[in-house]
Structure formats: structure tokens, C-alpha cells
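Quick notes on the structure that follows.
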Amino acid sequence: MSAPSPSSPSPVSASEPKRTVMEIFESAVKKWPSLPAMKVKRGGTWQATSWSDYRKEVRQVAKAFIKLGLEPGQGVSIIGYNSPEWFVVDIAAIFAGGVPAGIYTTSSAEQCQYITDHCDAAVAIVENKQHLDKYLSIRDQLPKLKAIVVIDDSQGHSADAAKGIYAYASLAALGAEISEEELDRRIAAQKPDDMATLIYTSGTTGPPKAVMITHDNITWTAEKAIGLIDIKPGESIISYLPLSHIAEQIVSVHGPMYAGITTWFAESMEKLPDNLREVRPHAFLGVPRVWEKIQAKVMAAGAQNKGLKKKIATWARGVGLKSGYADQEGKSRPAFHGLADKLVFSKVRERLGLDRCRFQITAAAPISKSTLEFFLSLGVPIYEIYGMSECTGPATVSLPTRYKTGKAGFIFPGTELKIAADGEICMRGRHVFKGYLKNAESTAETIDAEGWLHSGDIGVIDPDGFLRITDRKKDLLITAGGENVAPQVLEGLLKGIAVVSQSVVLGDRMKFLTALVTLDPERLPTDAAAAGSPARTPAEAAKCPKFNAWMMGEVEKINQRLARVQTIKKVTILATELSVEGGELTPTMKVKRKVVNEKYKGEIAAMYSGAE
């Protein structure tokens with residue numbers, strides 16, 4: 001391995017105090033007892049929960065867990081959409097000495113069984129009847145499970161204490177049977193280096209691994225992360241990404257404890273655009289797919305502009321892009337930026353619900369430069385953060401005062417980061433996890449003897465200390481000619497074609513590269529018309545010779561900028577999107593390449609048919 005980069009800061013002093021989740025939570029309640037900690041829309045109106053009421057409910061539920069038989073160190077599995085109850089059961093499990101383990105709502109019964117059994121869960125929390133039915137189908141395979149708690153028991157059909165099924169509303173009464181002193185003993189017994197929560201990996205290459213995050217991991221990281229953001233008590237964020245993911249937990253569960261932030265819950269992914277306009281958050285985290293969907297809608301709306309309005313929008317975007325890069329380089333913005341902002345940018349931000357937002361973040365997966373530049377041109381710079389569950393979220397960060405479009409940010413303060421001899425990104429610090437639960441072999445492969453966490457990602461650090469991710473170490477394609485090709489770089493370029501929503505580049509051990517792409521149905525009519533194609537749906541476009549010829553023409557424009565070995569010779573348009581439900585994507589929207597290769601082996605084989 002190479003020595004740490006000169007741009008790497010020294011690790012923080014070991015004397016900096018370590019604290020538990022309970023200590024941080026109690027401190028928040030003392031500072032802001034009456035401020036709203038959470039807001040959720042119920043019955044058409046937003047209902048607030050103060051920090052003091054939040055604490056009261058957490059302690060009631062923690063005592064109920066003890067009553068239900070939860071022992072220190074046992075798991076509490078949670079499946080459900082983001083809600084105040086999700087937050088409460090998560091923190092309550094920690095208070096009671098248990099270990100919460102979030103499960104993606106898209107998980108199958110088999111996946112629920114694996115995680116619930118693996119974390120030795122004594123209690124399972126499910127949102128509704130659909131999730132309860134999953135658990136009932138696997139109950140006989142979970143001998144350690146003592147109770148199932150249903151959050152939404154509005155239909156009154158699920159609670160049956162004789163079968164170990166309880167309504168969330170009944171937990172307060174159950175908790176009343178346990179003394180406050182008993183709960184306090186559970187709290188006092190925990191130390192900062194103890195495991196606080198489990199984050200299960202996406203499982204792109206096999207069964208998910210359980211990332212053990214300690215109290216110190218999560219409290220230290222959350223404090224440092226919030227300290228970087230200009231956000232004040234009572235200001236707002238919106239929670240909608242899966243809470244089983246570390247990024248959402250840092251942003252909406254643990255981070256707010258340090259700043260008195262109010263977490264609002266989106267009603268659903270479908271209603272997120274409306275909720276954004278209602279909440280007008282001061283910071284917003286969007287995974288690349290969310291930003292891409294917003295981009296598609298803005299582009300579709302912009303395509304309706306005609307005449308002078310279209311000319312003004314085009315002019316403003318040119319000014320916006322130059323302004324964004326000027327900001328990054330510490331230069332003056334071009335003339336008429338203020339006018340462009342007044343005429344276009346301010347209106348776009350208002351329509352998106354981002355008019356108060358000072359920190360637009362992207363994380364969790366690669367994002368194309370074309371998407372970043374699209375928003376930059378509209379006066380909405382997106383700040384990239386790079387990291388992983390194993391370092392409790394961030395390894396690098398970008399800020400409004402320090403960012404570069406297309407770069408993943410600079411080193412997270414108080415930590416170390418280096419590029420190993422083979423190009424692998426490695427990090428070290430108090431954010432690095434304790435290890436994988438029940439998997440010493442994988443832990444040893446991931447954390448070396450010197451405490452460096454090996455990310456599995458390949459990257460480079462520029463002279464200004466900014467990291468650029470070039471690929472996944474295991475995703476590199478090795479062509480028949482022995483050339484190493486990074487597919488993610490090419491996939492990002494393909495997604496720069498406006499109508500392309502997803503792309504997968506192929507060619508391992510083959511003589512040339514090919515790609516599978518999916519189409520954005522909202523953008524499709526515009527580009528189909530440009531291609532002289534009558535297609536109006538992705539399925540029609542996939543079969544249309546004219547559209548396919550046009551698409552290959554767009555790919556050839558990209559090929560002109562690439563080395564010969566990187567050029568994409570053939571493209572197949574898929575009729576439907578890659579999805580979590582279809583098995584091609586993980587819940588964090590990463591491509592499962594093995595699944596894609598198997599599911600579309602016919603389409604892939606056709607592209608190589610007859611190749612010499």
C-alpha cells in the first residue's frame with residue numbers, strides 16, 4: 001500500500017470524548033424540549049412531535065421491548081416506510097440494549113427471514129398487514145423471535161398477544177409494567193464502543209453482510225457531519241430514503257439530535273415532489289436516481305417552452321453553468337447572473353421546493369456529470385458525498401464553499417484516506433465500523449492490521465485533495481485483449497444521453513464492449529420525434545429500427561471521445577426499467593451485474609452473435 005496522501009489530515013485526538021446514542025438524545029431533549037423533532041402528515045394535516053414527547057415515547061417503547069423479552073445484544077428487526085414510529089422503535093431498541101436492524105420494504109419473505117434470524121431478533125417491527133403476512137409465512141423459521149409489533153393496526157385484525165402479535169398502540173401499556181429504573185440500568189450498562197445498530201449491505205454479490213456500527217461510530221460521525229452544514233435549530237429536512245441505509249440514518253435520525261433539526265416525513269416516493277414544495281427543506285439528500293427523475297421532469301416541462309421563453313431559458317442555463325464553475329474556482333460570476341437568477345433559477349428552485357435549500361446532496365451511487373451540470377446550470381449545485389456503510393456513511397464530503405462538479409469531495413474531517421498501490425480507496429478513523437457480525441473472515445479481508453478499511457472502490461486524488469471514483473475494484477471488465485475497462489465511467493457517459501435512464505456496459509472476456517440501456521418514458525416522445533420514429537413507449541422504441549439507429553448515432557458521438565478499447569460497438573434497448581422488484585437493482589439502486597447478465601443473457605448473446 002502507498003503512504004497516505006499528503007492532503008490527508010491527521011486523525012482526531014483519541015482524547016476527544018466518546019458518547020452513546022442515549023447521551024446525545026438526552027442532550028437534544030434538554031436543549032430543545034418544545035421544538036418539533038418530527039412532523040408527519042396524518043388525515044391531511046401535518047402533526048408535530050416535540051423532542052420531549054419523542055423521549056417519552058422512546059422510553060415507553062424501550063420498556064415494552066424489555067417486557068416482550070428483548071435481552072441485551074439481541075436484534076430488533078424493522079420493516080416499514082419512514083415514519084415517527086420507525087424512529088421511535090429504532091432508538092428504543094438501542095435504549096433497551098438491543099440492536100436495531102432495518103430491512104428494506106421491498107425485501108422478500110426469504111430476505112426478511114435471513115436478516116431477522118441472522119441478527120438474533122427477539123422482536124420484529126412491521127408497518128402493516130402486508131409485512132405481517134411476510135413474517136407469518138416465515139414465523140416457523142424464526143425460533144428466537146418472541147414478538148411481532150404491527151405499527152398500522154387500523155383495521156384491527158392483527159393484534160393477538162396469544163400468538164405474540166401486538167399493535168404498536170399497545171406498547172405504552174406494556175411498557176408501564178417495567179420500571180424506569182430497570183430501563184436506566186440497561187442504558188447505563190452500554191459503552192460507546194458497544195454495537196449500537198446493524199446496517200445490512202445491499203448484497204450485490206451474495207447474502208447481505210451485517211455492518212456493526214458502534215455508539216461512537218454513529219455519534220461521532222453524525223456530530224462531524226452536522227457540524228459541516230449551516231443548519232439551525234427548528235430548520236427542516238425531509239425523510240424519504242430507506243432508513244435501513246446508513247446515509248438516511250445519519251441525515252434524518254442521528255444528525256438532527258445535534259442541531260435540533262425537524263425531520264418531516266414524505267408521504268411516499270410518489271408524493272415526494274408535492275411534499276418537497278410543502279416542507280421546503282433547508283438540506284436535501286437525493287440518491288442519483290431521484291435527481292435523474294427530477295431532471296427528466298424539468299426537461300419535459302422545459303420542452304414545452306416556445307419562442308422568447310425558450311430563448312431566455314437557454315440563455316440563463318448558459319449563464320448558470322458558467323457561474324457554477326466560477327464559484328468552484330473562486331472567480332467572479334459572469335455578468336447578468338442576477339438577472340438569470342431572477343428570471344429562471346429562483347422560479348425553478350421554488351417549483352422544486354428547494355428555494356430554502358442550502359445543501360443539495362447526492363450519495364450512495366455514481367451520478368453522471370451530465371446530471372450534475374444540468375442542475376448546476378439551473379443554479380442548484382449538487383454536492384457529492386462518497387462513503388459506505390462500513391465507515392458509517394461519509395468518507396469524503398463536498399460543501400457549498402468547497403466542491404468540484406464530477407468529484408466526490410474532500411476527506412471527511414478528522415479521518416484519513418489514501419489510495420493503495422492498486423488504486424483502491426482506503427480510509428481510517430473513528431467512523432470505521434466494528435466489523436461484520438458473525439463473519440470474522442470478511443472483517444479481516446476488509447479491515448487490515450493497520451486499521452485501514454478497504455473500500456473495494458478505485459479512485460484518484462487530485463492536487464487539491466478531491467477524490468474521483470473511477471470504478472468498483474471487482475466490476476472492472478477485462479476484455480479478450482487483456483485491457484482493463486471501468487464500466488461505471490462509460491455508463492455515466494451513456495446516461496448523458498437525455499433519454500437514457502439506466503445503462504449497463506458489458507464485455508468481460510469479450511473482443512468488444514456492448515451495453516443495455518433503458519429509456520425515460522417522459523423524455524422519449526421528444527427524442528423519438530427527432531429520430532423520425534413513431535415510438536411513444538420504451539417497448540415500441542426497443543423494436544423500432546429508426547429509433548435504434550438514432551440511439552447508436554448518439555453512442556457513436558460518445559465513442560469519438562473514447563480510447564478504442566472503451567468504445568461501445570452495439571446497444572440493446574430494454575423494454576422495461578431495471579428495478580428492485582425485478583431483482584436487477586439493490587434497494588440502494590446499485591446494479592446487480594450477475595443478475596443482469598443472467599436475466600438478459602439472450603439479448604447479450606445476440607449482440608455478440610457472429611462476432612469474430
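Just so it is clear, the model here is predicted, and its values are computed rather than measured.
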Least distance between heavy atoms, Q295 atom then F375 atom: N-CZ, 3.8 Å
Atom CD in E424, atom CD1 in I458: separation rounded to 0.5 Å? 6.0 Å
Measure the shortest side-chain to side-chain distance between L494 and V555 over non-hydrogen atoms and say whether it is less than 4.5 angstrom. yes
Quick check on side chain to side chain contact (heavy atoms under 4.5 Å, CB included): which of L574, V591, N597 does L516 satisfy it with? L574
Tell me, do T362 and T371 make a side-chain contact under 4.5 Å, heavy atoms counted? no
Any donor and acceptor pair, going by atom type alone, linking the side chain of N82 with main-chain N or O of P242 inside 3.5 Å? no
Taking T392 for its side chain and H431 for its backbone only, find out whether a donor-acceptor pair lies under 3.5 Å. yes
Can you give me the closest heavy-atom contact between R468 and K407, atom names plus distance? CB-CD, 3.8 Å
Which residue pairs pass the salt bridge (Lys or Arg N to Asp or Glu O under 4.0 Å) test when at least one of the two sits in residues 366-389, sequence neighbours left out? none
So, do Y383 and Q360 sit near enough that their side-chain heavy atoms are less than 4.5 Å apart? yes
Got a donor-acceptor contact below 3.5 angstrom from the T443 side chain to the N439 backbone? yes
Side chain to side chain donor-acceptor pair (under 3.5 Å) between E441 and Y436, intermediate numbers included: CA-CA 9 Å; E441 183 179 350; Y436 296 113; over 6 Å; no
Under 3.5 Å, side chain of K134 to main-chain N/O of S107, donor-acceptor pair present? yes
Minimum side-chain heavy-atom gap I199-F433 below 4.5 Å: no
For residues Y81 and Y240, establish whether the separation of their ring centroids is below 6.0 Å. no
Step-by-step side chain to side chain donor-acceptor pair (under 3.5 Å) determination, T572 to E603: CA-CA 7 Å; T572 293; E603 289 87 344; over 6 Å; no
Considering only heavy atoms from C-beta outward, does the side chain of M427 approach that of F412 to under 4.5 Å? no
Going by the side chain to side chain contact (heavy atoms under 4.5 Å, CB included) test, name the single residue among L490, I568, I497 that passes it with I558. I497
Taking the side chain as everything from C-beta on, heavy atoms only, tell me whether P394 gets closer than 4.5 Å to T221. yes
Ignoring hydrogens and angles, tell me if any N or O in the side chain of K418 forms a donor-acceptor pair with the backbone of W452 under 3.5 Å. no
Output for pair (L285 CG, I382 CD1), nearest 0.5 Å, gives 11.0 Å
Cut-off 3.5 Å, no hydrogens considered: what does the side-chain donor-acceptor table look like for residues 541-551, sequence neighbours left out?
unit_1, atom_1, unit_2, atom_2, d
N548, ND2, A541, O, 3.2
N548, ND2, A542, O, 3.1
N548, ND2, C544, O, 2.9

Can you give me the closest heavy-atom contact between M212 and L198, atom names plus distance? CG-CD2, 3.7 Å
Separation between NZ (K569) and CE (M552), nearest 0.5 Å, reads 8.5 Å
Output the distance between atom CD (Q113) and atom CD1 (I115), rounded to the nearest 0.5 Å. 10.0 Å
Starting at SG of C357, measure out to CG of L276 and round the result to the nearest 0.5 Å. 8.5 Å
Heavy-atom nearest pair, L272 first then A266, reads CD1-CB, 4.1 Å
Quick one: list whatever passes side-chain contact (heavy atoms from CB on, under 4.5 Å) with Q560, sequence neighbours left out. none
Residue pair M388, L453: steps toward the side chain to side chain contact (heavy atoms under 4.5 Å, CB included) verdict: CA-CA 10 Å; M388 55 196 301; L453 167 63; 4.1 Å; yes
So with a 6.0 Å cut-off around CD of E556, is the heavy-atom count from everything else above 12? yes
Tell me the closest heavy-atom pair linking F374 and M299, and the distance in Å. CE1-CG, 3.5 Å
Does E491 come within less than 4.0 Å of R593, counting only side-chain N to carboxylate O? yes
Between S501 (side chain) and T518 (backbone), is there a donor-acceptor pair under 3.5 Å? yes
Pairs flagged by salt bridge (Lys or Arg N to Asp or Glu O under 4.0 Å) wherever residues 494-505 is involved - sequence neighbours left out: E292-K495
Keeping the roles fixed (side chain from W291, backbone from I361), state whether a donor-acceptor pair exists under 3.5 Å. yes
Indicate yes or no for a side-chain donor-acceptor contact from R351 to the backbone of V298 under 3.5 Å, with no hydrogens or angles considered. no
Check: S108 main-chain N/O paired with Q111 side-chain donor or acceptor under 3.5 Å: yes
Side-chain donor-acceptor contact under 3.5 Å, E581 with T106: no
Contacts of type side chain to side chain donor-acceptor pair (under 3.5 Å), residue K404, not counting sequence neighbours: D462, D464
I'd like to know if the side chain of D457 pairs up with that of Y386 as donor and acceptor (distance under 3.5 Å, no hydrogens or angles considered). yes
Go through the structure and list residues passing side-chain contact (heavy atoms from CB on, under 4.5 Å) with R358, not counting sequence neighbours. D230, I231, K232, E235, H282
Taking P100's backbone N and O only, do any of them form a donor-acceptor pair with T197's side chain (distance below 3.5 Å, no angle check)? yes
What I'd like to find out is whether the side chain of Y600 reaches to under 4.5 Å of the side chain of L578, using heavy atoms alone. yes
For K297, I'd like to know if atom NZ has over 12 heavy atoms of other residues, nucleotides or ligands within 6.0 Å. no
Separation between OG1 of T405 and CZ of F466, rounded to the nearest 0.5 Å: 10.0 Å
Please find the pair of heavy atoms, one from P273 and one from E270, that lie closest to each other, and give the distance. CD-O, 3.5 Å
Intermediate values then yes/no, side chain to side chain contact (heavy atoms under 4.5 Å, CB included), V460 and I419: CA-CA 7 Å; V460 293; I419 306 298; 5.8 Å; no
Does any non-hydrogen side-chain atom of V489 lie less than 4.5 Å from one of V505? no
